[in-house]
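Numbered from 1 within each chain, the chains take letters A, B, ... in sequence-line order.
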Amino acid sequence: EPEVTQTPSHQVTQMGQEVILRCVPISNHLYFYWYRQILGQKVEFLVSFYNNEISEKSEIFDDQFSVERPDGSNFTLKIRSTKLEDSAMYFCASSVGQGNTEAFFGQGTRLTVV
Amino acid sequence: QQPVQSPQAVILREGEDAVINCSSSKALYSVHWYRQKHGEAPVFLMILLKGGEQKGHEKISASFNEKKQQSSLYLTASQLSYSGTYFCGTERGSGNTPLVFGKGTRLSVIA
């Protein structure tokens with residue numbers, strides 16, 4: 001069964017460093033998302049991406065965040081200068097359509113900023 | 001605006017039933033239900049697209065009342081495997097937009 005894959009599964013970084021989280025969405029999906037989940041809390045929407053551009057972003061997705069689809073398969077989230085409060089599980093998701101179709105989630109990258 | 005879920009947590013014995021509610025202050029076009037087990041990704045359960053629609057998944061079903069802007073998830077004859085956190089997701093904007101999730105309902109099923 002096709003799945004969304006994320007790498008790495010765990011990332012520890014020092015405050016102020018840049019990190020890149022990688023995702024390979026399901027191949028025929030057109031919409032890609034990043035969500036974040038701080039330990040024990042809800043899943044928060046960060047950004048959606050369609051047709052090689054950001055279609056929506058939340059208030060959390062400020063200038064330190066960026067997304068890119070550098071080739072036909074990868075979808076990346078870059079955090080430019082990490083802060084302690086960026087520590088969270090980051091989930092990538094993809095879907096065929098938006099709104100009325102199922103979003104498939106990857107297993108997540110646990111980011112720890114020290 | 002995120003949907004509001006209730007209760008925050010519930011503990012059940014195997015075989016008991018539970019209802020998890022999800023409501024929104026804005027018009028809903030669809031409601032999505034996901035279950036997340038500890039340390040894992042959210043897993044899709046079902047989407048409800050129409051007012052009054054009911055759907056089922058194993059012994060888990062849901063209803064969607066468009067007029068009341070709410071959805072309920074029904075878990076009947078609960079099994080240990082039902083334990084996890086249940087999230088409802090509603091569309092961020094006016095249809096065909098990404099999901100925003102409620103804070104979740106933590107369900108624990110004990111033997």
Exercise for the section: Might you confirm whether atom NZ of B:K37 has over 12 heavy atoms from other residues, nucleotides or ligands at distances under 6.0 Å? Expected result: yes
Problem - B:I11 CD1: over 12 foreign heavy atoms closer than 6.0 Å - result: no
Practice task
Taking all heavy atoms of A:G106 and all of B:A41, pick out the closest pair and write down the distance.
Solution key: O-CB, 2.8 Å
Exercise for the section: Consider only side-chain heavy atoms of I, L, V, M, F, W and Y, link residues closer than 4.5 Å, and tell whether A:L46 and A:I38 are in one cluster. Expected result: no
Fill in the blank from the handout: Exactly one candidate in A:F91, A:Y35, A:F45 meets ring-ring contact (aromatic ring centres under 6.0 Å, His included) with B:F101; the answer is A:Y35
Fill in the blank from the handout: Between A:T101 and B:H32, the two heavy atoms sitting closest are O-CE1, 3.5 Å
Practice task
Answer yes or no: does atom CG of A:D63 have more than 12 heavy-atom neighbours from other residues, nucleotides or ligands under 6.0 Å?
Solution key: no
Exercise for the section: Please flag which part of A:Q37 lies under 4.5 Å from any non-hydrogen atom of chain B: side chain, backbone, both or neither. Expected result: side chain
Exercise for the section: Would you indicate whether A:L39, at its atom CG, is surrounded by more than 12 heavy atoms from other residues, nucleotides or ligands within a distance under 6.0 Å? Expected result: no
Handout entry: Contact class of A:A93 relative to chain B, heavy atoms under 4.5 angstrom
Key = neither
Exercise for the section: Heavy-atom distances under 4.5 Å only: say whether A:S55 touches chain B with side chain, backbone, both or neither. Expected result: neither
Exercise for the section: Taking the side chain as every heavy atom from C-beta outward, state whether A:F105 and B:V43 have any pair of such atoms under 4.5 Å apart. Expected result: no
Exercise for the section: Report yes or no: do B:L48 and B:I60 belong to one cluster of Ile/Leu/Val/Met/Phe/Trp/Tyr joined by side chain heavy-atom distances under 4.5 Å? Expected result: yes
Handout entry: More than 12 heavy atoms from other groups under 6.0 Å of CD on A:E85
Key = yes
Handout entry: Hphob cluster co-occupancy, A:Y33 + A:Y90, side-chain heavy atoms under 4.5 angstrom
Key = no
Fill in the blank from the handout: Here the gap from B:E40 atom CD to A:Q107 atom CD, rounded to the nearest 0.5 Å, amounts to 6.5 Å
Handout entry: Shortest non-hydrogen contact from B:Y34 toward A:A103
Key = OH-O, 2.9 Å
Exercise for the section: Answer with yes or no whether the side chains of A:K42 and B:Q2 bring together a donor and an acceptor at under 3.5 Å. Expected result: yes
Problem - A:E56 side, atom CD; B:E91 side, atom CD - distance, nearest 0.5 Å - result: 10.0 Å
Fill in the blank from the handout: Counting heavy-atom pairs under 4.5 angstrom with chain A, the leader among B:R106, B:Q5, B:K103, B:H38 is B:K103
